[in-house]
Amino acid sequence: LMTVDSVLLPTETIDCGDQSLRVSAKGEWRHSSILQPSEVRYCLFIFPEKAKRDADRILDQFRRFSLELNVKFAPPKQVPIHDEYPEHFEKAIEDNIHEHTNMVICLLTKKGPSY
């Protein structure tokens, strides 16, 4: 056995929309309503045009996982962009997001900045 010095951290609050969740040092937060399955009513899915096939596969995975997790996942609004520059993602979000949007997915295909 080994002795380890430790510090007990104070309880934290996690804000999630109009709900707050107090997380104790023991992590007893798993029964919270925040963690209950939700509904994704309006989702933006932004992807490079050249990655349309990958985008379709990812959406198929989302549909299957949402069924397994009992989360209603409405078909997202697909927004293809020409190039993968950050400004193009930002513009696509700005042009398509509204007060009912509750998820934004951006498909990045480049490993690092190349611009």
Side-chain angles (χ1 to χ4, degrees):
L1 293 176
M2 170 168 49
T3 302
V4 178
D5 293 329
S6 63
V7 176
L8 182 60
L9 298 173
T11 300
E12 293 290 332
T13 300
I14 298 173
D15 292 317
C16 186
D18 59 351
Q19 300 179 48
S20 290
L21 171 66
R22 300 283 296 166
V23 180
S24 71
K26 293 182 180 180
E28 293 298 323
W29 47 269
R30 64 183 173 272
H31 300 293
S32 168
S33 63
I34 292 175
L35 301 178
Q36 298 306 312
S38 184
E39 181 176 350
V40 179
R41 292 185 197 143
Y42 190 83
C43 173
L44 290 177
F45 185 38
I46 303 167
F47 58 91
E49 292 171 341
K50 65 182 181 184
K52 175 69 172 140
R53 188 168 24 195
D54 291 332
D56 289 340
R57 285 196 301 242
I58 289 169
L59 285 181
D60 185 52
Q61 289 291 327
F62 263 96
R63 286 185 202 103
R64 284 195 269 152
F65 290 136
S66 65
L67 289 173
E68 290 177 23
L69 297 172
N70 196 27
V71 174
K72 293 179 183 176
F73 185 72
K77 178 178 182 180
Q78 296 185 34
V79 182
I81 58 174
H82 182 66
D83 288 313
E84 219 173 320
Y85 293 102
E87 308 84 52
H88 295 168
F89 283 100
E90 289 175 27
K91 180 159 178 29
I93 292 169
E94 290 171 359
D95 291 348
N96 293 281
I97 201 166
H98 57 72
E99 68 273 4
H100 300 294
T101 303
N102 56 350
M103 180 182 276
V104 175
I105 303 168
C106 295
L107 175 59
L108 308 173
T109 62
K110 294 182 180 179
K111 292 184 180 178
S114 60
Y115 39 83

Can you confirm whether Phe47 sits close enough to Pro80 that some side-chain heavy atom of one is under 4.5 Å from a side-chain heavy atom of the other?
yes

Quick check for you: to the nearest 0.5 Å, what is the distance between Glu39 atom CD and Asn70 atom CG?
11.0 Å

Remaining members of the apolar cluster that contains Ile93, side-chain heavy atoms under 4.5 Å
Tyr42, Leu44, Ile46, Val79, Ile81, Phe89, Ile97, Val104, Leu108

Compare every heavy atom of Asp83 with every heavy atom of His88, then report the nearest pair and how far apart it is.
ND1-O, 3.2 Å

Does Gln78 reach the side chain of Asp56, with side-chain heavy atoms less than 4.5 Å apart?
yes

Side-chain heavy-atom pair Leu59, Pro76 within 4.5 angstrom cut-off
yes

What's the spacing between Phe45 CZ and Phe62 CZ if we round to 0.5 Å?
7.5 Å

Are Ile105 and Cys43 side-chain neighbours, meaning at least one heavy-atom pair lies under 4.5 Å?
yes

Distance check, rounded to the nearest 0.5 Å: Glu84 atom CD versus Lys50 atom NZ?
5.5 Å

Criterion side chain to side chain contact (heavy atoms under 4.5 Å, CB included) on Lys91 and Asn96, from CA distance to verdict
CA-CA 8 Å; Lys91 180 159 178 29; Asn96 293 281; over 6 Å; no

For Ala51 against Thr109, the heavy-atom pair lying closest together
CB-CG2, 3.8 Å

Hits for ring-ring contact (aromatic ring centres under 6.0 Å, His included) against His82, two or more places apart or cross-chain, chain-then-number order -> none

Whether Asp54 and Arg57 form a salt bridge (side-chain N of Lys/Arg under 4.0 Å from carboxylate O of Asp/Glu) is what I want to check.
yes

